[in-house]
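Data first, discussion second: the structure below is written as structure tokens.
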Amino acid sequence: MSISCRQLFWMITSMQVVMAILLTSSATVRISGQDAWISAMITVLLGIVTVFINVKLSLMYPEKTFIDFVRIMLGPWLGGGMVLLYLLYWFVVYVAILRQFTTFMIGTILPETPVSIIIMLMASVVLYSTLSGLSVIGRMSEFLGPVIIAGIFLPILLSFNNLNAERLLPVLKDHNGFTLLQGSLMGAPFLGDCFLVIMLISFVSKREFVMKHGIGGVLLAGAGFVVSIVATLMVFGPNVTQSFPYPLLMLVRSISVAGIIESLDAIVVAIWIMSIFLKLSIYLFAVSYGTAQWTGTGKWRTYAVVFTILGLPLALLPRNYIEVSVFFPIKVAVPYIFPIIMVGIPLLLWITALVQRNIRVQG
């Protein structure tokens, strides 16, 4: 299995942009008000820092996955324990995204459909793509990525007549730097998903351009995030925007061009589902392939089936939108996952790898 840098670019872009917009826009506006677009730009910077650290770390061991080089660096016990932590995290995120997707579908276009049916259908499609291998996921990302980006920017262009720049005022009068940073952290775990490059880089065929394509993917996804917040603020203002669970979807539903182009929400939601599908596929591949390496069996497709079966009942546990889309990001992802899992541990590993290399050179 191998992927190109361009496929890596679209994988990062596709898996980040929609989830960040859907699940963090309201929370960011709730904290930063009309200055939320500044917080969103800080979020993009945090995403770039995340991908920079993880690419630098991965390029220290370019031929090996995260599972392999952590055990080389830290030994079988400590390294194995750290790998287990990441495998558990990837599986939990896979389950959480599966449930968040279900909540989104029920709240938008399938209100009468049983939760279990939506979960089983999506999990089955994700499993089929994952079993085909990372190369297939990469090709799908390359094909679907531009469509997903169009599904973000085209509705915003069509709502041009509803935009009012005065709703962004006053700028930097009601919120200080600390408040803006707090607002930026709402989206950081979602743009920080790019840290998965630590599992993907060993599959990239030409790694000399990995950093450029990784940062490029975060920038394009971040541009979609920033522009969506600016557009919803200019249409609804901060007070109304923060009251919607999915502000950009409300903007899409408000589009009416000469009474001809309207009711686009079903089409746009279908496009956004592609992004969630790719994100689930990448996470399922990471946890399955990583577990196969960690156990030494090599049967990663068997683990993909096992994790899919285990994920079905677990995805039914959250009772509502608040538990899966508000409590988990605010109480778990922001204070623990982003600073520790996505940035802190990879940064320490990178420093450790540099120290070990210098010792080998001097020895």
Side-chain angles (χ1 to χ4, degrees), residues 15-54 89 92-93 96-97 100 103 167-195 215 218-219 221-251 318 320-348:
M15 74 175 178
Q16 288 184 318
V17 63
V18 169
M19 293 291 285
I21 291 173
L22 289 179
L23 297 181
T24 65
S25 295
S26 290
T28 304
V29 174
R30 195 174 300 121
I31 295 174
S32 303
Q34 73 277 8
D35 294 322
W37 60 276
I38 301 175
S39 291
M41 294 178 71
I42 299 173
T43 304
V44 178
L45 291 177
L46 294 174
I48 292 173
V49 171
T50 304
V51 74
F52 178 83
I53 292 172
N54 284 280
Y89 163 68
V92 169
V93 171
I97 297 171
Q100 285 167 340
T103 306
R167 294 193 175 102
L168 295 176
L169 302 176
V171 178
L172 292 177
K173 182 179 180 181
D174 300 329
H175 308 94
N176 56 35
F178 180 72
T179 305
L180 295 177
L181 182 60
Q182 280 186 308
S184 71
L185 292 176
M186 295 298 104
F190 294 88
L191 285 186
D193 267 343
C194 55
F195 93 104
I215 292 177
V218 175
L219 281 174
F225 180 51
V226 174
V227 171
S228 71
I229 286 184
V230 171
T232 51
L233 285 172
M234 292 175 71
V235 172
F236 304 116
N239 293 329
V240 176
T241 299
Q242 64 180 282
S243 66
F244 294 139
Y246 310 114
L248 188 59
L249 181 62
M250 294 299 107
L251 183 145
N320 50 44
Y321 167 83
I322 298 297
E323 285 190 359
V324 71
S325 299
V326 177
F327 180 83
F328 181 77
I330 294 178
K331 299 295 183 182
V332 180
V334 171
Y336 301 109
I337 291 177
F338 177 71
I340 298 175
I341 299 290
M342 295 180 174
V343 177
I345 292 177
L347 179 60
L348 289 175

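Note that this is a predicted model, so its numbers are computed, not measured.
Among residues two or more places apart in sequence or in another chain, the side chain to side chain contact (heavy atoms under 4.5 Å, CB included) test is passed with L348 by none. Applying the side-chain hydrogen bond (donor to acceptor under 3.5 Å, both in side chains) test to S243 and every residue at least two apart in sequence or in another chain returns nothing.
Here the OG1-CD1 distance, from T179 to I31, works out to 8.5 Å after rounding to the nearest 0.5 Å. Rounding to the nearest 0.5 Å places OG1 of T241 at 10.5 Å from CG of L248. To the nearest 0.5 Å, atom CG of residue L180 and atom CD1 of residue I42 are 5.5 Å apart. Between the OG1 atom in T50 and the CZ atom in F195 there is a gap of 9.5 Å [rounded to 0.5 Å]. With rounding to the nearest 0.5 angstrom, the CG atom of N54 is 9.5 Å from the CG atom of L347.
Between the side chain of R167 and the main chain of F236, no donor-acceptor pair closer than 3.5 Å is present.
Environment of CE in M250: crowded, with over 12 heavy atoms of neighbouring residues, nucleotides or ligands closer than 6.0 Å.
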Please set out all donor-acceptor pairs under 3.5 angstrom arising from side-chain atoms of residues 181-193, sequence neighbours excluded.
unit_1	atom_1	unit_2	atom_2	d
S184	OG	L181	O	2.6
D193	OD1	Y283	OH	2.5
D193	OD2	K279	NZ	2.3

Please list every donor-acceptor pair under 3.5 Å in which a side-chain atom of residues 225-233 meets a protein atom from a residue at least two apart or in another chain.
unit_1	atom_1	unit_2	atom_2	d
S228	OG	G224	O	3.2
S228	OG	F225	O	2.8
T232	OG1	S228	O	2.9
T232	OG1	I229	O	3.0

Would you mind writing out the side-chain donor-acceptor pairs for residues 332-342 within the sub-3.5 Å range, not counting sequence neighbours?
none

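Listed by first and then second residue, the side chain to side chain donor-acceptor pair (under 3.5 Å) pairs that reach into residues 31-40 are S32-S39, Q34-D174, D35-H175, sequence neighbours excluded.
Residues S26 and P247 meet the side-chain proximity criterion, which asks for heavy atoms closer than 4.5 Å. At a threshold of 4.5 Å between non-hydrogen side-chain atoms, the residues V343 and L46 do not count as touching.
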Take V44 and L219 through the side-chain contact (heavy atoms from CB on, under 4.5 Å) test and state the conclusion after the steps. CA-CA 7 Å; V44 178; L219 281 174; 4.1 Å; yes

